[in-house]
Protein chains: 2
Amino acid sequence: MSGTAFIVDDDEAIRDALTWLFKSRQVACRAWPSAESFLADWKESMRGCLVLDVRMDDMSGPELFELLAERGSQLPVIFLSGHGDIPLAVAAVKKGAYDFVEKPFNDNELVDRVIQALSYDASLHERQRGQATLASRLAQITPREREVMERILDGKYNKVIADELNIAMRTVEVHRARIFEKMGVKSAVELAQLLSSLK
Amino acid sequence: MSGTAFIVDDDEAIRDALTWLFKSRQVACRAWPSAESFLADWKESMRGCLVLDVRMDDMSGPELFELLAERGSQLPVIFLSGHGDIPLAVAAVKKGAYDFVEKPFNDNELVDRVIQALSYDASLHERQRGQATLASRLAQITPREREVMERILDGKYNKVIADELNIAMRTVEVHRARIFEKMGVKSAVELAQLLSSLK
DNA sequence: GCGGCAATTGTGGTTATCCGCAACACTGCT
DNA sequence: AGCAGTGTTGCGGATAACCACAATTGCCGC
């Protein structure tokens, strides 16, 4: 399996039990005793899923979840809750939590869901790679080229673009060619499709 | 408010209470005593939201929810549950339920959520209208034109398309022009953007 | 100041697209 | 048989896109 299960729970007994459980199923994992300590170690590049206790001292699970979301984390989160709070569970899932499991939980079921989440994160990672290369290509586009590009995507003729920007048609052609080159496409249609996946 | 709250509950007292509650807040509503009876009346064109009891005889709320989804309903669904079943709630929300409310519920809170759902459905309807006109335009495209269109969207030259389909370039040009006319665009770029919103 | 980069423009020629006009074959329906 | 719709093709010309070669201007950093 590609990712790691990140366990955050203030109960050492639970951390140990989960650690043992995951190891026994060949799922890599690592545990933290508090939301704050995990947040300190968190990095954008972490791949896997978060197994997060709802009720903890200081910062709660949902609070950590929101903080991570603000910082751009897309790590799938599985909440562990010990007190049947439906509004909390519904709110968490509506905000994008991957799953919500009641304690006491069935061991096998939990591991299965974690593995699902790891797989989900892996596919998410694939998508992000595509977006990243697209973004790096977009970053090479100069401001002037961007102006031309927008108009190309409106389906405007080079002549019209030239008029709007008060430049010669030849210049537009050059920009156009550079844009295609930098974006790795060879027609306006491909460019449109490439960018439509982002918007 | 544009839509109607569709109440499905086998408890007459609840149906009456909800009906009275919604009327008092100027929310149009209508009630059914069972999933089957609602299903019999359901039509694609119904706009509003579904307020659905989880536990009912014969067909349960979640079962009705899934059936409706299979039939293409996108009606937002608010579940009413009387027995704190977290896995059920989480499963429902993950499957796209709009909300999940525990009984006994706070009257104002429920109405607020219903109004939210009605508003959501209205915006959903807007989006669907765009998709509908697009679909009706696509329906006018003949099979042969569709073959040409796919290749246009691959950014291929008319000449290449002609070779692939073993027809003259002129024919491709004619198809191309018809496609643009029927789809209401005037360039391949616009066509690509129009269709990318669908895929 | 020199090199690099972005932006600009020109010339001239090749290739593609876009269109009006005209025509023919095939299918299905009346 | 006649009509409508679809698919097909040709001719010729107008318009636009694409491209290699060549060159100028202005800004920024070393």
Side-chain angles (χ1 to χ4, degrees), chain A residues 130-199, chain B residues 130-199:
Chain A
Q131 303 264 302
T133 63
L134 206 170
S136 70
R137 285 176 177 176
L138 268 179
Q140 296 180 351
I141 300 292
T142 64
R144 195 58 162 170
E145 284 167 356
R146 196 174 305 270
E147 290 184 271
V148 174
M149 189 168 69
E150 290 169 7
R151 288 165 172 81
I152 290 175
L153 293 177
D154 286 339
K156 290 174 180 166
Y157 291 141
N158 285 351
K159 186 184 175 184
V160 176
I161 299 175
D163 284 346
E164 284 185 14
L165 299 180
N166 285 316
I167 53 180
M169 258 187 63
R170 187 65 186 88
T171 310
V172 178
E173 289 173 19
V174 173
H175 283 316
R176 190 182 186 112
R178 284 214 200 294
I179 291 168
F180 286 177
E181 189 191 349
K182 287 180 179 176
M183 298 302 288
V185 299
K186 57 187 226 312
S187 74
V189 176
E190 287 181 58
L191 183 65
Q193 293 186 331
L194 196 65
L195 294 182
S196 69
S197 71
L198 187 56
K199 279 181 180 173
Chain B
Q131 304 263 301
T133 64
L134 207 170
S136 70
R137 285 177 176 174
L138 268 179
Q140 296 179 353
I141 300 292
T142 65
R144 194 58 161 172
E145 284 167 358
R146 195 174 307 269
E147 290 184 90
V148 174
M149 189 169 70
E150 290 170 8
R151 288 165 173 81
I152 291 175
L153 293 177
D154 286 339
K156 291 174 180 168
Y157 290 141
N158 284 352
K159 185 184 173 182
V160 177
I161 298 174
D163 285 346
E164 284 185 14
L165 299 181
N166 285 315
I167 53 179
M169 259 188 64
R170 188 64 185 90
T171 309
V172 178
E173 290 173 17
V174 173
H175 283 316
R176 191 181 186 115
R178 285 213 200 297
I179 291 167
F180 287 176
E181 189 191 349
K182 289 180 178 176
M183 298 302 288
V185 298
K186 56 186 224 314
S187 73
V189 176
E190 287 181 60
L191 184 65
Q193 293 185 330
L194 196 64
L195 293 183
S196 70
S197 71
L198 188 56
K199 281 181 180 173

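Numbered from 1 within each chain, the chains take letters A, B, ... in sequence-line order. Values below: all heavy atoms of this structure, side chains included; hydrogens, waters and symmetry mates excluded.
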**Report entry** Val148(B), Val185(B), Val174(B) screened by side chain to side chain contact (heavy atoms under 4.5 Å, CB included) with Ile179(B), the one that passes
**Finding:** Val148(B)
Query - Residues from residues 171-189 of chain B lying under 4.0 Å of DNA chain D - heavy atoms - result: Thr171(B), Val174(B), His175(B)
Report task. Enumerate the residues from residues 156-166 of chain B whose closest heavy atom to DNA chain D is under 4.0 Å, giving them by residue number; use none for an empty result. Result -> none
Side chains of [X] and [Y]: closer than 4.5 Å at any heavy-atom pair?
X	Y	answer
Lys156(A)	Glu164(A)	yes
Asn158(B)	Glu173(B)	yes
Leu138(B)	Met149(B)	yes

Query raised in the report: Is the CD atom of Glu181(A) crowded by more than 12 outside heavy atoms at less than 6.0 Å?
Result: no
Query - Enclosure of Arg178(B) CZ (heavy-atom neighbours >12, cutoff 6.0 Å) - result: no
**Report entry** Rounded distance (nearest 0.5 Å) linking atom CG of Leu153(B) with atom OG of Ser196(B)
**Finding:** 9.5 Å
Query raised in the report: Reading DNA chain C 5' to 3', which nucleotide is the first, and which the last, to come under 4.0 Å of any heavy atom in chain A?
Result: dA6(C) to dT11(C)
Query raised in the report: Residues two or more places apart in sequence or in another chain: which of them pass side chain to side chain donor-acceptor pair (under 3.5 Å) with Lys186(B)?
Result: Glu190(B)
Looking at every non-hydrogen atom in both residues, tell me the closest pair between [X] and [Y] and how far apart they are.
X	Y	result
Ala192(B)	Val189(A)	CB-CG1, 4.1 Å
Ile152(A)	Ala188(A)	CG2-CB, 3.9 Å
Arg137(B)	Lys182(B)	CG-O, 3.7 Å

Requested in this report: Could you check Leu165(B) against Arg151(B) for side-chain contact (heavy atoms from CB on, under 4.5 Å), going step by step and ending with a plain yes or no?
Outcome: CA-CA 10 Å; Leu165(B) 299 181; Arg151(B) 288 165 173 81; 3.7 Å; yes
Query raised in the report: Axis-to-axis angle across the helix from dG1(C)-dC30(D) to dT30(C)-dA1(D), five pairs an end, to 10 degrees?
Result: 40°
Query raised in the report: Salt bridge check: are Glu145(B) and Arg176(B) linked by an N-O gap of less than 4.0 Å?
Result: no
Query - Contact interval (first through last nucleotide) of DNA chain D with protein chain B, 4.0 Å heavy-atom - result: dT6(D) to dC11(D)
Requested in this report: Walk me through it: do Leu195(B) and Met183(B) pass the test side-chain contact (heavy atoms from CB on, under 4.5 Å)?
Outcome: CA-CA 10 Å; Leu195(B) 293 183; Met183(B) 298 302 288; 4.1 Å; yes
Query raised in the report: Where each residue is assigned the nucleotide of DNA chain D containing its nearest heavy atom, which of Ile167(B) and Gln140(B) is assigned the position nearer the 5′ end?
Result: Gln140(B)
Query raised in the report: Within the structure shown, what part of the strands sits under 4.0 Å from Arg170(B) by heavy-atom distance: base, sugar-phosphate, or nothing?
Result: base
Requested in this report: Show your working on side-chain contact (heavy atoms from CB on, under 4.5 Å) between Ile167(B) and Arg144(B) and close with a plain yes or no.
Outcome: CA-CA 11 Å; Ile167(B) 53 179; Arg144(B) 194 58 161 172; 3.5 Å; yes
